Engineer: 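Mind looking over this structure? Questions follow.
Chain letters run A, B, ... following the sequence lines, proteins first and then strands; every chain starts at 1. Being a predicted model, the structure only gives us computed values, none of them experimental. These numbers come from the heavy atoms of this one structure, side chains and all, not from hydrogens, waters or symmetry mates.
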Number of protein chains: 2
Amino acid sequence: MTTPRNARTAAPAVGAAEPSAKPVERGIPEATVARLPVYLRALTGLSDTGVDTCSSEELAAAAGVNSAKLRKDLSYLGSYGTRGVGYDVEYLRYQIAREIGVTQDWPVVIVGIGNLGHALANYSGFSSRGFRIVALLDADPRRQGEDVGGLGIRPFEEIERLVEEHHVAIGVIATPAVAAQHVCDRLVAAGVTSILNFAPAVLTVPHGVDVRKVDLSIELQILAYHEQRKALADPGSDAVPDALPSGLAPLAADGVVSR
Amino acid sequence: MTTPRNARTAAPAVGAAEPSAKPVERGIPEATVARLPVYLRALTGLSDTGVDTCSSEELAAAAGVNSAKLRKDLSYLGSYGTRGVGYDVEYLRYQIAREIGVTQDWPVVIVGIGNLGHALANYSGFSSRGFRIVALLDADPRRQGEDVGGLGIRPFEEIERLVEEHHVAIGVIATPAVAAQHVCDRLVAAGVTSILNFAPAVLTVPHGVDVRKVDLSIELQILAYHEQRKALADPGSDAVPDALPSGLAPLAADGVVSR
DNA sequence: CGCGGTTTGTTCTCCCGTTCACAAACTCCT
DNA sequence: AGGAGTTTGTGAACGGGAGAACAAACCGCG
Ligand SMILES: NC(=O)c1ccc[n+]([C@@H]2O[C@H](COP(=O)([O-])OP(=O)(O)OC[C@H]3O[C@@H](n4cnc5c(N)ncnc54)[C@H](O)[C@@H]3O)[C@@H](O)[C@H]2O)c1
Ligand SMILES: NC(=O)c1ccc[n+]([C@@H]2O[C@H](COP(=O)([O-])OP(=O)(O)OC[C@H]3O[C@@H](n4cnc5c(N)ncnc54)[C@H](O)[C@@H]3O)[C@@H](O)[C@H]2O)c1
């Protein structure tokens, strides 16, 4: 099965002509890709509680999304459900895991074993979700050699050797912002093509390298924006210093994104 | 969800009719809100390096976005630039900070002071970005009393008292997933209306409460998906076990989202 | 005072994502 | 076997965001 590109099913109205289970391997929308891990987790939860079949409605509830959206998302992977019945939990779980690429473990390196790096290195949740931390790197000689979660912290200079040795494609940056670009460059030069960046810095990478950033300050600031909105729209709250005593009509704050 | 919506300000195209400095307080798109903190950080960086004026092109480069997008985003706040000149760094910085609501500090509580909670509590970056951690809470009596970043860990039961005492509107959940919903309920009951959730769990909250989640496994899995894509499209890489020796024509992997 | 150069703010178009709604497909019961 | 009930998969409508393009506005200079 070598993914024959875009056959683009072309004739969807042929009815039951082709029941072949061939999943269309091309072109899953980015928004869907971002939700597949959520479905995977929800399915794992259902599986753990002994559920072996679920409807799109149940799974959608467990994942916190709309059921129509869920069905459309799953339809990009193929037709893995049974009408009138629902989805087989184990089967669908495997199909999503395969689509994401976490049926085997991906080796990962973490660079910058400070506060955050320690937490990441100690975190046990990665191994059960398709990732295996194979190396911890830090530039500070005082940290090198220390054991964190069963791995020794290695000198940053060994990065090329370690990446090659373990066939690492994914790197995590948990250094201060000033070092992030340099670390990124070294990672890319060593062969890493996917980077998860925790430093508050904009990374420049060559074509073909993916970067995702996790920025806690930004998340908090987004919350703060909405919080301020709520405080302005609803003077009954005590979140702002000057709260008007007489409550206005509590009209539904329509523009707000809260659920 | 009833949400009548759509009062639809109706006349956004007032043009130059109203030069009054009153910024339009309504309806900033969510995508823009998510980028304002990035601009704020870029402006702070420029300010720190002594730049006092910048064009949309420069700021966009510093923030890692398209300049047209930047200008459109800023236009939602008002007209704070000068044509032919650009933006005054300090002035724009203040305007964005005011719009986000981080001209004063927001008090924040963190629940669950384990690996991750320790890292968050020790992090110094929050205070300079509009947030002040006022309480650390944990249910484990062995952790209570421990000092982390200058704050003592308090028993979880004190949550209502602490939230009220410090007028906390924003809470961070860093507990295991099984405890997340319970902690969330208690936070909401205590008066918190914005939650940043690190636990891999779907939180259910009443209308009017905002939740944002940070899920590192999901981020890694999204990277893994693209990584697998790259490995399939380009057999020259060593990222997959079975790499074909003879390189096929490296046709441009058009669908790939890498930059 | 006008003119060229520069940069913003906005408009327009296109594309992606969300949601509704429904026919097709399956199970179960009679 | 057939019909009733259930649930999937998807076509289609809709809304929002991204990016290109451009007129308006501003500065400096002659
Ligand atoms: N700790 C948090 O909760 C938190 C929250 C938000 C963002 N962040 C960001 O995450 C990053 C790490 O945060 P932290 O609190 O762990 O910082 P930290 O200072 O505790 O740790 C940084 C580590 O990186 C190492 N380092 C520095 N330069 C390096 C280089 N060139 N190569 C390799 N290693 C290098 C240092 O030796 C140190 O061990 C920072 O960019 C921070 O802004 C952290
Ligand atoms: N550590 C990481 O790098 C990392 C990465 C990804 C996700 N996470 C998630 O973040 C969360 C925290 O991770 P961690 O590694 O810090 O876990 P941890 O076990 O080290 O810490 C959890 C803390 O929460 C406390 N706690 C448990 N139940 C509580 C309750 N009901 N009320 C208050 N406190 C309670 C525990 O006493 C403990 O101190 C987990 O959900 C984890 O899945 C962590």
Engineer: Do the side-chain N or O atoms of A:Tyr80 get closer than 4.0 angstrom to the phosphate oxygens (OP1, OP2) of D:dT7?
Structural biologist: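 No, outside the criterion.
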Engineer: What's the verdict on side-chain contact (heavy atoms from CB on, under 4.5 Å) for A:Leu120 and A:Val172, showing C-alpha distance, side-chain angles and the deciding distance?
Structural biologist: CA-CA 9 Å; A:Leu120 296 172; A:Val172 175; 4.0 Å; yes
Engineer: Rounded to the Å, how far apart are A:Arg71 CZ and D:dG11 P?
Structural biologist: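 To the nearest whole Å, that distance equals 14 Å.
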Engineer: Would you say the side chain of B:Lys72 and the base of C:dT10 hold a donor-acceptor pair, judged only by whether the two atoms sit under 3.5 Å apart?
Structural biologist: no
Engineer: Less than 4.0 angstrom between a side-chain N/O of B:Asn66 and OP1 or OP2 of D:dA20, yes or no?
Structural biologist: yes
Engineer: Taking B:Thr82 for the side chain and B:Val85 for the main chain, is one N or O donor matched with an acceptor at less than 3.5 Å?
Structural biologist: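 No.
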Engineer: Can you check the B:Leu59 CG to C:dG9 P distance for me, whole Å?
Structural biologist: 12 Å
Engineer: Quickly work out the B:Leu92 CG to C:dT7 P distance and round it to whole Å.
Structural biologist: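 Going from B:Leu92 (CG) to C:dT7 (P), I get 16 Å.
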Engineer: Between D:dC14 atom C1' and A:Lys69 atom NZ, what is the distance in whole Å?
Structural biologist: 15 Å
Engineer: Any side-chain N or O of B:Ser55 less than 4.0 Å from the OP1 or OP2 oxygen of C:dT7?
Structural biologist: no
Engineer: Could you tell me how far apart B:Glu30 (CD) and C:dG17 (P) are, to the nearest whole angstrom?
Structural biologist: 17 Å
Engineer: Would you say A:Arg35 reaches C:dT18's phosphate, i.e. side-chain N/O to OP1/OP2 under 4.0 Å?
Structural biologist: yes
Engineer: Can you list the steps and then say if A:Thr103 with A:Arg98 is a side chain to side chain donor-acceptor pair (under 3.5 Å)?
Structural biologist: CA-CA 6 Å; A:Thr103 46; A:Arg98 190 181 52 76; over 6 Å; no
Engineer: Taking the nucleotide of DNA chain C with the closest heavy atom to each, which residue, A:Arg83 or A:Ala31, is nearer the 5' end?
Structural biologist: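 Between the two, 5'-proximity favours A:Ala31.
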Engineer: Does any part of the side chain of B:Val214, heavy atoms only, come nearer than 4.5 Å to the side chain of B:Asn197, both counted from C-beta?
Structural biologist: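 Of all side-chain heavy-atom pairs linking B:Val214 with B:Asn197, none is under 4.5 Å.
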Engineer: Answer yes or no: does a side-chain N or O of A:Thr82 lie under 4.0 Å from OP1 or OP2 of D:dT8?
Structural biologist: no
Engineer: To the nearest Å, give me how far apart OH (B:Tyr87) and P (C:dT6) are.
Structural biologist: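 The answer, rounded to whole Å, is 18 Å.
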Engineer: Provide, to the nearest angstrom, the distance between the CG atom belonging to A:Leu70 and the P atom belonging to C:dG17.
Structural biologist: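 Going from CG in A:Leu70 over to P in C:dG17 covers 16 Å.
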Engineer: Rounded off to whole Å, could you give me the CD-to-P distance for the B:Glu58 and C:dT6 pair?
Structural biologist: 14 Å
Engineer: Both A:Ala68 and A:Val85 contact DNA chain D. Taking the nearest nucleotide for each, which residue is further toward the 5' end?
Structural biologist: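 This one resolves to A:Val85.
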Engineer: Do A:Val108 and A:Val168 have side-chain heavy atoms sitting under 4.5 Å apart?
Structural biologist: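 A:Val108 vs A:Val168: side chains apart.
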